[in-house]
Amino acid sequence: MAGKSSIMWFRKGLRLHDNPALLDACKDAAHVYPVVGVNRYSFLLESLRDLDASLRARGSRLLVLRGTPEQVLPRVAAEWGATRLCLEADTEPYARARDAAVRQSLEAAGVEVAASISHTLYDTEMLVARNGGRPPLTMQARPRGAGGQGPAGSFTKLVDKVGDPPPPAPDPPAALPPPAEGMPSADPAVTGVPTLAEVGFTEEPTTPFKGGETEALARLEASFADPKWVAGFQKPETDPSAFDRPATTVLSPYLKFGCLSPRLFHSRLLAVYRAQKKHSEPPVSLRGQLLWREFFYTVGAHTPNFNRMAGNPVCRQIDWDANEEFLAAWREARTGFPWIDAIMTQLREWGWMHHLARHSVACFLTRGDLYVSWERGMEVFEELLIDQDHYLNAANWMWLSASAFFSQYFRVYSPISFGKKYDPEGRFIRRFLPVLKDMPAKYIYEPWTAPLEVQRKAGCLVGKDYPRPIVDHAVASKACIARMAAAYRAGSAAATAATGEGADGAAGPSGSSPAPKAKGRGGKAKEAVASAAGKAAKAVAGAAGAAGKKAAGTAAGSKRQRTLKESLGLQGGKEAAS
DNA sequence: ACTAGGTTGCCGGC
DNA sequence: GCCGGCAACCTAGT
């Protein structure tokens with residue numbers, strides 16, 4: 001009797017390969033109902049269409065349910081006589097709350113809920129337990145002596161200790177138990193995969209990347225066609241300006257939606273590493289990239305308020321500016337720095353940029369130039385990236401803003417030199433900012449330095465066709481470093497002040513207190529931050545003044561205020577970016 | 001208490 | 001090509 005009908009609820013994990021939850025749903029079931037809720041991305045909708053096609057090839061189909069999960073799932077379970085709901089576990093805060101509600105309403109109705117872990121390589125709970133109850137906060141910390149079996153360590157060390165992740169699950173049967181005939185809620189007319197228009201979008205997507213498991217596997221094969229490249233991959237050496245053929249795999253959106261299983265990817269990598277004599281190692285290797293994902297999922301899933309500064313125990317508290325003008329210029333690709341604006345345009349058009357390109361724009365927005373909070377940048381990425389992934393997005397923004405994981409805030413990316421190093425001709429800029437397509441290479445990273453007649457000849461007048469830079473990088477980056485130093489000092493002072501209070505361990509997983517105290521920065525944190533803010537202001541003025549004297553030729557003044565005013569006069573240049 | 005090392009900076013001086 | 005400056009960072013391990 002039990003197990004006659006199951007519901008397979010697809011959320012992430014939009015694939016048939018390595019799908020333990022789907023296998024679970026098929027076990028002893030005469031009827032399996034593969035269902036999903038509606039979301040808003042075209043990449044997602046393509047993934048759903050592909051999943052539906054794959055299910056149809058096996059005698060089934062996808063049923064897209066409209067409604068709130070905790071309401072609609074019990075209703076169809078009753079209608080279909082389903083006794084089990086099978087799903088892939090999801091540790092994101094939103095998913096946890098949703099799944100708790102669904103579990104409650106289904107179990108009240110006598111429907112069993114069975115979760116499988118297949119979105120990450122490992123069960124992150126297990127990893128944390130094996131690390132002594134706390135997630136590691138470093139990816140790699142080379143042990144100095146012979147690698148002992150110490151209690152806590154870096155993430156790579158932890159993974160070495162735990163061993164290889166489980167292999168991918170076997171493929172599902174060639175014929176899947178189909179939904180029963182004649183069920184009203186399984187009517188194709190009401191459960192078809194929606195179109196973009198139906199979800200409320202009027203514009204056509206501009207991303208060149210197509211969603212779906214089929215595409216994901218094809219892309220995986222394309223990368224693995226060159227085993228030497230796979231074995232020799234070193235992330236920091238890949239070219240962020242490559243766009244005809246991106247320098248990395250672009251598998252991130254497929255991993256995000258689960259069109260590609262990380263375990264399948266990982267097992268393929270191990271096979272190549274076994275076959276090739278030499279291969280690169282984490283953290284820079286291709287396998288290292290999967291471990292970064294795993295690392296951030298592990299820390300993120302076990303840290304309260306991970307995607308915020310306040311109340312986030314791993315995040316440094318920094319006095320970011322709420323500068324709407326700067327934020328808007330950055331978001332709308334009109335900072336006046338072609339390298340930055342081209343990347344932000346690629347983000348809007350493609351929904352994807354190279355990892356190091358993300359570094360450039362994230363550093364620029366936060367600790368490098370504009371001193372705007374990483375949370376604002378994270379929100380923009382969240383809206384525009386096709387590979388937007390809750391934990392990875394938050395973690396990388398904290399990294400780049402030197403708020404967590406990384407603290408060498410004086411290592412600032414130059415919005416001019418960094419791109420030039422890879423692409424001296426400015427091909428990337430010409431592709432994404434056509435207004436600059438005829439600017440000579442000599443000036444393309446700094447068009448404001450081009451003589452007026454050169455600008456005229458290139459058909460691009462700076463200040464009219466393309467914005468002037470909103471900051472003087474030499475001035476702004478020095479000021480930012482000074483403010484970061486002050487914020488760090490304030491943090492350490494607050495931490496010292498807070499140690500007197502003792503009580504709860506800093507990174508305790510149950511640190512549910514909403515008070516903004518990071519790394520044990522306790523009650524007196526506010527005072528310390530406030531007093532340091534005064535020092536910071538002085539430091540900014542001092543550093544900016546000194547740098548301003550050095551930067552003789554430029555018109556940008558010694559005060560941030562002045563550059564802000566200049567930026568206000570640049571609105572006319574907006575269309576230049578489009 | 002102290003030290004080594006940390007996926008991926010940049011500039012100027014030698 | 002290798003330093004030090006930026007400003008004295010963090011975590012893990014001894």
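Labels below follow one simple rule: chain letters A, B, ... track the order of the sequence lines, proteins then strands, and each chain is numbered from 1.
Straight-line distance between the P atoms of dC10(C) and dC10(B): roughly 23 Å, to the nearest whole Å.
Listed nucleotides: dC10(B), dA7(C), dG13(C). Nearest to the side chain of S414(A): dC10(B). When each of dA7(C), dC9(C), dT7(B) is scored by its nearest atom to the side-chain atoms of S407(A), the top-ranked nucleotide is dC9(C). Among the nucleotides dT8(B), dT7(B), dC9(C), the one closest to the side chain of V284(A) is dT7(B). In this structure, the nucleotide among dA12(C), dT8(B), dT7(B) sitting nearest to the side chain of L137(A) is dA12(C). With distances taken from any side-chain atom of Q408(A) to the nucleotides dA12(C), dG6(B), dT7(B), the minimum falls on dG6(B). Comparing dT8(B), dT11(C), dT7(B) by their closest approach to the side chain of H359(A) singles out dT8(B). Taking the side chain of I481(A) as heavy atoms from C-beta on, and the options dC6(C), dC11(B), dG9(B), the nearest nucleotide is dC6(C).
Under 4.0 Å is where a charged nitrogen must lie from a carboxylate oxygen, and between D319(A) and R483(A) at least one such pair does.
R308(A) forms no cation-pi arrangement with F306(A), by the criterion of a distance under 6.0 Å to the ring centre and an angle within 45° of the ring axis.
Put simply, W292(A) rests on the base of dT7(B): the two rings are less than 5.5 Å apart at their centres and nearly parallel, under 30°.
When the side-chain nitrogen and oxygen atoms of R489(A) are compared with OP1 and OP2 of dA8(C), one or more of them lie within a distance under 4.0 Å.
Side-chain contact of R263(A) with H119(A): a donor-acceptor pair under 3.5 Å is absent, judged by distance alone.
Checking R293(A), K256(A), R358(A) one by one against D387(A), the salt bridge (charged side-chain N to carboxylate O under 4.0 Å, His left out) holds for a single residue, R358(A).
In this structure, K421(A) reaches the sugar-phosphate backbone alone: every heavy-atom distance under 4.0 Å involves primed, P, OP1 or OP2 atoms, never a base.
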